[in-house]
Structures are given as C-alpha cells and as structure tokens.
Amino acid sequence: MGRKLRTVNAPVIKKDARALVTGKPVYTDDLAPSDCLIVKVLRSPHAHALIRSIDTSRAEKVPGIACVLTYKDVPQNRFTMAGQTYPEPSPYDRLILDSRMRFVGDAAAIVAGETEEAVDQALRFIKVEYEVLEPVLDFRTAKDNKVLVHPEDNWKSLCEVGADNRRNLCACGGEQHGDVDSVLAQCRYVVDRTYHTKANQQAMMETFRAYSYMDTYGRLNVVASTQVTFHVRRILAHALNISKSKIRVIKPRIGGGFGAKQTVVAEVYPAIVTMKTGRAAKIIYSRYESQIASSPRHEMEIHVRVGADEEGIIQAIDVYTLSNTGAYGEHGPTTVGLSGHKSIPLYGTPKAFRFAYDVVYTNHMSSGAYRGYGATQGIFAVESAVNELAAEMGTDPVALREKNMVKEGQVMPAYYGEQLKSCALDRCMARAKEMIGWDQKFPRVDMGNGKVRGVGVAMAMQGSSISNVDVGSVELRLNDDGFYTLMIGASDMGTGCDTILAQIAAECLDCPMDQIVVHGTDTDVSPYDSGSYASSTTYLTGMAVVRACEDMKKKIISKGAEYLGCEEENVDFDGQKVYQLNGKGEISLSDIGNRVMCNNEDMLSAGATHSSPVSPPPFMVGMAEVEVDKETGQVELVDYVAVVDCGTPINPNLARVQTEGGIAQGIGMALYEDITYDSKGKLAENSFIQYKIPTRLDVGKIRVEFESSYEPTGPFGAKSIGEIVINTPSPAIAHAVDNAVGVRIRELPITAEKVYFGMIEQE
C-alpha cells in the first residue's frame, strides 16, 4: 500500500465508550423485560451424592411461584457447556438437572417465580433426601480411583482425546521428539521441579446472566452475556432437544468475560423455564454463585525437567501436566495442550522435547476457560524452571534466554510444525532489560532497612486463533447516502473488537470511522463466527473484514463505471467517489448508494469468512521488581515492565489497556488469589472477602511498550494480544522474590507466610 495508514495503528476511541461511561442501559439485565420470571437454582450441599427423593409440593404452593423443576421434569440429553467448535473436544457429560450431584454447588432443582422473595422462600421449602457418597477431592489420586465421578453409561466423548470416564479421565495424551531421557543424561546442568497453580476465578464485574422469551413465531429467544453466541444456540438445542432453527441468541454489551463466558454457565436455566411456562424468564448469578458454581481456571500440577550443556545451550525440555477439570469436562481436553504447546516453543535450541498430560475428573467445581487457557500455567512452570536452571549454572537468566530463545524463521518445537514468520522477542527482551535497569538491579539490592529488592524475568507466547478450526466472518453492506453496515459474528466482550474491526474496514475502504455502522452479534442476522476466544478476533475476523472490503470495492467500482457509462478499467475509487482516470467524470459514493435503491439488479453487499492454517504467536517479556520485608515476608510489587510483540497494533490504546489489565490479573494470580477446599469438598473462597483480587493500589507501577513485528497472515501485519498479557507475572514475580531473599515458591499464590517460613527454613 502506497499511502500512509489513517485509522489502523491509531488510538481511536471505542465505538461504545460514550454509552458505557454515561451508564446507558446496554447490558443483559438492563434489557430484560420487567415482567420476567426470576429464576434461581437449588444447589447441592454435598460434593458427591445421589438424590434419593425430592419433594417440591410445599415450594410449588408459595404464592407467585410459576414452576419448580427437578431432573424428572427436564430433557435427559447429555451435552457439554463448553463453547467450542463442533464436534466439541469436551465430553458430553452434563444434564440440565441430574440425580447425581458431583460438587458442592451442583444444580439440584430450578425455581422460577414472580419475585425474588417468592423464589427464595420456595428454595427453602424444597426437601431433598441425599445419599451421600465418597468424593474424589485430591486430583493427584483421581486417575483410576475406585470412586467414579461419571459412572453413567450415556457419557460420551465426540473426539479422540484419550477420555475414559471409567478411569476418571477427561483426556490424556502427549507427543515426543527425540530421546529426552538420553539427552538429559548427557546435559551438564539439569533442573527437575514440580509447580502447582490453583483454580483462579475470572472475577469479571458482570456475573453470569441471561434472559429468555418466546417470540411471535414460537421461537426461543435468549439474550445472554456470552463470548460464544453461535455456540450457545447449538448447546441449547442439544440440551433442550429442539431444533437450532427454533432458537435465536443475541449478545448485548458484556461486562467482562475473560473466558468465563466461553462456557454456557447460566443460559440453560431460564431457557428451560421459558420452554415450560411460555413466559419470559431471567437468571442473574450472585457473586457467591459465580465463586462456587462457575468455570474457573484449571488447577494444574506441572513437572518440568530442563537440561543445558556446558555452554548454556538448552538441549531438552520435558513437561508433564496433571490437570483438574473438576466435576465436568468443559475445556479440559483443550486447555491442557497449551501448557506444553505454548511454553516449550519459547526455546528454539532443544534437540529433544516431551510433553505428556492427564486431565482428571474430581468432585470439585468444574473448570473452564480463563485468559491464557493453560498457557498461563505451563509458562509459570517452564519459565520458573529456566530461571532455576540459570541459578544452578550461576548465569544471568536474561543472557541464558538470549542464547536460547526462538528466532524468526525457525520451525518452533512442539508447535504443530509451524514456522515462525514474525518475532520481535529478542527486541522485547532488550527493551525490557533497559526499562527496568536489569544490569544495575540483578539479582538484588539491599535497601538497608530490613527490606530487599529483587528483579525477575519471564517470556511468554500465545497463539492467534485455533489453526484450521476457528472461523471468522463478516458481512458488509453499502447503504443509501454511502454509509456502510458491518455485520459481525464475533462477540465484543469489552475488548473493543467492534471498534478494531471498524478501524480495519475504514482503512480498507478509505473512509472515516463514522461511515461504518457496526452491528453486534445476533444469530438470526450475523454471519457465523466461532466467537471471541483463543485470541482470534483481530487476527482472524480482521482478515475476513479485509477480504469483504476488497470485494466491496470491486462492486463499487463496477457500479460506478456503469453509472458513468465507461469500462471498469477506466475508473478508480478513492473512498468517497468513483472517478474516470481521464478526468472526464465522477460519481460520489453517496449518489451510488442512493441510485442502487431504484431500478437495480446488483446487491452492493460483500461477505467473507476466514480460517487460518497457522496460529502465529504474539510474544512478550515481563520483568518485575519486588521489595520483600525480611521480618514479615511481605512482598510488595514496586515495578512491572512489559514489552509486547503483537505484530502491528491495530489500536495502540486498546492494546495498552488489554496489556495492563492482563498483567493486573496475572499479579492477582501470583500474589493474592487462593483457592482452598475443606475435607468435605466445600470451597472456602466464596466471596470477595475471602477471594482477594488486587486493587489498583496492589498492582504497583505497570509500564507497557510495544516492539512491532509484521505478521504476513494477519490484517495489516497484526497478531493477537488478548491472552498473552496474563502469562508473565507469575514466573517473573516468583523469580524476583527468589532473587531478593532466596526463597523459591513453586505453588501459587506467593504469600507473606510462604516467604517468611521459607526464610526461617534457610536459617
């Protein structure tokens, strides 16, 4: 392209910014009809139990109660709540309501009524007799345990993922290149460590919520806060045993998702109530419910072995991941893959690698998708192991990475045989080192007041969509007066993808942003799109926009030439008019838009679908500076620098806030957010009083810069940014604490108690 970019790579304000900051009614609960039935779920007090009897007669007599549903009243089709492309890798292991309870908080009954007070009273009046069973609570003993979480015969897995419900296995597998054991045996330096990450909560501001109603044509309409609008339609069709053509799903604005809303946590409950009563119904999860019965990150224990030769060249990496999917298998088979496939390829030197995994069922709340999606856990383990290797060798961990990091042009190990076409990882490292003053501060500076400062480093990568699977689609229409409508199938979840895609369209069509009207996701009118997950929207749907715009320009040129009475090769289009190259005539886009409304045979619309055979990784380097109080073990994050390679940032402002937000969540995972269960399988952290997420005051100073590369398969050279940004804080902060006081924490979060007792042990 000869001309300078106008809207791409510019800090354009989000299209919905004014509506959001002025508190316009744009979210699910704002839009729900005032006469909606209120829907709530009765939840199991036991981790593992069978319902022997359930008496709803007294509950049904409460004034204002419209229906009380148990497992006897709902379809018995097994399905998965995972919002994934069909056939889903996650097993079909759920019912809307089941007679077997598999975790504390599992759904035992559904109540719908005119008021919240009536529903709450009815919930108290339901009598359930449970046969309490022995639960599987330790994921380390779940595989081949005598207690089965899913003994039912109609459990099924649609894909070959190594699932076996008779062994409590949701998935298992792995891959190997070279003889890892023999290469490690020849290495001069080897570290062999195990790391443990917990089931963090996404803790988005807007909890799970949906409402449903029957339209004039007898179709079920569902309005939901979801990232996966089209997948919701399919999942509901399976669960309710009705045709997809009978369901319409609409996504309004979302108050945050971070992956939680890639699982259909709440939608099925109002939908079944509407099916049963014919009335509009809504469910709004409390924060308590969102903490105890949602879709948090998968708890993982990761065993890593890394070996290097005399020169400090990494020769082999061995990763084994044990993942806890909880009571149901949502995203279990897919998250685990990223723990190895997005950590091992950071290093381009190994002669051998091995990655193996087991994903097990337990009687804990089921896990799901959370930003980073398994890569976060794997990168914490592998980057921590590399930092421990550097310590073993007595070398600077930055220098060790500079020798071993993957470079542009290489085929990435453990990354599906893909060649790296764009990579600024080396420049990210150099810039981060400069920003934090690594050479002056590594490894520690004693402040002389009982406090010590240490610095730590970590690298990260992610993907850009799921290669050969995900689909991004848009439709573009030219309207009267020459403005465009862009119909998007991807779900903007607050990330600003509606704005980003409009920027790409405006750049391609050479017009102002205001000329592009964006229409959000509605399964009746939007083109099919896999949804907003796997860091896919800018990269994948962005390319669909580019292709649709190219098609649209050809159609505008063709129509303009027809109206000017000349051949297409004799005209051009500059975004506002079609003009003859000889200067003898022109017609404005506005006039073309108006003229096609009358006596016209050609529709000026263009649609495009895009799927990518590759998933080019964005890269990032994070460096942390912490101050540790030697008397108490208290850790304070003083400074965090991040340098990101996301190709060409389409909107630097939105890329920056994505990065800052992801780092803040990563800091929460590293320092504050803990998950603990009692001996009966009850979760302790059921509110924000117990589950500590960092405030603005806790995350310290976050500084973000970008080192651009150019990704040839992305729109204007762009790669993804949504997920990678959460992956470096845990390993970098753990490393900084280790450098400060010599205490290596391998189980998150890094608390003052763990650091204090670690220092005592050393003494």
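Positions are given from 1 along the sequence. Just so it is clear, the model here is predicted, and its values are computed rather than measured.
Qualifying ring pair (Phe, Tyr, Trp, His ring centres under 6.0 Å) partners for Tyr484, counting only residues two or more places apart in sequence or in other chains: none. Judged as a ring pair (Phe, Tyr, Trp, His ring centres under 6.0 Å), and not counting sequence neighbours, the contacts of Phe230 are Tyr528. Applying the ring pair (Phe, Tyr, Trp, His ring centres under 6.0 Å) test to Phe380 and every residue at least two apart in sequence or in another chain returns Tyr195. In this view, Lys555 and Asp551, Leu604 satisfy the side-chain contact (heavy atoms from CB on, under 4.5 Å) rule, not counting sequence neighbours. With sequence neighbours excluded, the residues that form a side-chain contact (heavy atoms from CB on, under 4.5 Å) with Thr728 are Ala458, Ala460, Met620, Tyr640. Looking at residues two or more places apart in sequence or on another chain, you find a ring pair (Phe, Tyr, Trp, His ring centres under 6.0 Å) between His177 and Phe353.
Contact record, Ala505 with Ile516: CB-CD1, 3.9 Å, taken as the closest heavy-atom pair. Shown here for Ile235 and Thr80, the closest heavy-atom pair between the two residues is CG2-O, 3.5 Å. The shortest heavy-atom contact between Ser709 and Cys423 is CB-N, 4.0 Å. Closest approach of Cys646 and Ile721 over heavy atoms only: SG-CD1, 4.0 Å.
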Worked verdict on Glu507 versus Gln503 for side chain to side chain contact (heavy atoms under 4.5 Å, CB included)
CA-CA 6 Å; Glu507 191 66 60; Gln503 279 181 263; over 6 Å; no
Tell me, with the steps shown, if Tyr347 and Met459 meet side chain to side chain contact (heavy atoms under 4.5 Å, CB included).
CA-CA 10 Å; Tyr347 297 93; Met459 307 190 301; 3.6 Å; yes
Could you walk me through whether Thr376 and Thr197 pass the side chain to side chain contact (heavy atoms under 4.5 Å, CB included) test, one step at a time?
CA-CA 9 Å; Thr376 317; Thr197 61; over 6 Å; no
Working for side chain to side chain contact (heavy atoms under 4.5 Å, CB included), residues Thr537 and Thr495:
CA-CA 10 Å; Thr537 314; Thr495 48; over 6 Å; no
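Using a distance-only test at 3.5 Å, with no hydrogens or angles considered, no donor-acceptor pair links the side chain of Lys261 to the main chain of Gln227. Looking only at distances, no side-chain donor or acceptor of His519 sits under 3.5 Å from a matching main-chain atom of Ile488. No donor-acceptor distance shorter than 3.5 angstrom exists from the side chain of Gln262 to the backbone of Ala534, with no hydrogens or angles considered. Ser295 contributes a side-chain N or O that, together with a main-chain N or O of Ala260, makes up a donor-acceptor pair within less than 3.5 Å. Within the 3.5 Å criterion, the main-chain N or O of Ile726 finds no donor-acceptor partner in the side chain of Gln665. The backbone N or O of Ser90 sits nowhere less than 3.5 Å from a side-chain atom of His331 that would complete a donor-acceptor pair. With Lys14 contributing its side chain and Gly494 its backbone, the two residues share a donor-acceptor pair below 3.5 Å. Here the side chain of Asn404 pairs a donor or acceptor atom with the backbone of Ile314 at under 3.5 angstrom. Judged by distance alone, with hydrogens and angles left aside, the side-chain atoms of Glu418 form no donor-acceptor pair with the main-chain N or O of Tyr415 at under 3.5 Å. The backbone N or O of Thr85 sits nowhere less than 3.5 Å from a side-chain atom of Arg234 that would complete a donor-acceptor pair.
Looking at heavy atoms from C-beta onward, Phe706 lies in side-chain contact with Arg656 at the 4.5 angstrom threshold. Two residues are said to be in side-chain contact when any heavy atoms from C-beta on lie closer than 4.5 Å; Met429 and Val457 meet this criterion. In this structure, the side chains of Leu478 and Ile592 come closer than 4.5 Å at one or more pairs of heavy atoms. Phe573 places none of its side-chain heavy atoms less than 4.5 Å from the side chain of Asp510.
More than 12 non-hydrogen atoms from other residues, nucleotides or ligands lie less than 6.0 angstrom from CG of Leu20. Within a 6.0 Å radius of NZ in Lys554, no more than 12 heavy atoms belonging to other residues, nucleotides or ligands are found.
Under the 4.0 Å criterion applied to side-chain N and carboxylate O atoms, Glu550 and Lys553 are not assigned as salt-bridge partners. Salt-bridge formation is not detected for the pair Asp645/Arg431: no Lys NZ or Arg NE/NH1/NH2 atom is positioned less than 4.0 Å from an Asp or Glu carboxylate oxygen. We find that Glu383 and Arg401 are joined by a salt bridge, their nearest charged nitrogen and carboxylate oxygen being less than 4.0 Å apart. Between Lys251 and Asp492, none of the side-chain N atoms (NZ, or NE/NH1/NH2) sits under 4.0 Å from a carboxylate O, so this pair counts as no salt bridge.
Between the side chains of Gln84 and Thr334, at least one donor N or O lies within less than 3.5 Å of an accepting N or O. Looking at Ser339 and Gln377, their side chains never bring a donor and an acceptor atom within 3.5 Å of each other. Between the side chains of Gln658 and Arg371, at least one donor-acceptor pair of N or O atoms lies under 3.5 Å. Between the side chains of Thr609 and Ser473, at least one donor-acceptor pair of N or O atoms lies under 3.5 Å. For the residue pair Glu206/Ser225, the side-chain donor-acceptor check at 3.5 Å is satisfied. Counted by atom type alone, Asn651 and Thr499 present zero donor-acceptor pairs between their side chains at under 3.5 Å. If you check the side chains of Thr648 and Asn9, you find no donor sitting under 3.5 Å from an acceptor.
Put simply, CG on Leu476 and CE on Met552 are 4.0 Å apart, with the number rounded to the nearest 0.5 Å. From Arg427, atom CZ reaches atom CZ of Phe619 across 12.0 Å, with rounding to the nearest 0.5 Å. Taking OG1 of Thr713 as the start and CG of Leu540 as the end, the distance is 9.5 Å to the nearest 0.5 Å. Considering NZ of Lys577 and CD1 of Ile556, their distance stands at 13.5 Å, rounded to 0.5 Å. Rounding to the nearest 0.5 Å places SG of Cys508 at 12.5 Å from CZ of Arg547.
Using the six-membered ring where Trp is involved, His341 and Tyr416 have ring planes that are tilted, between 30° and 60° apart.
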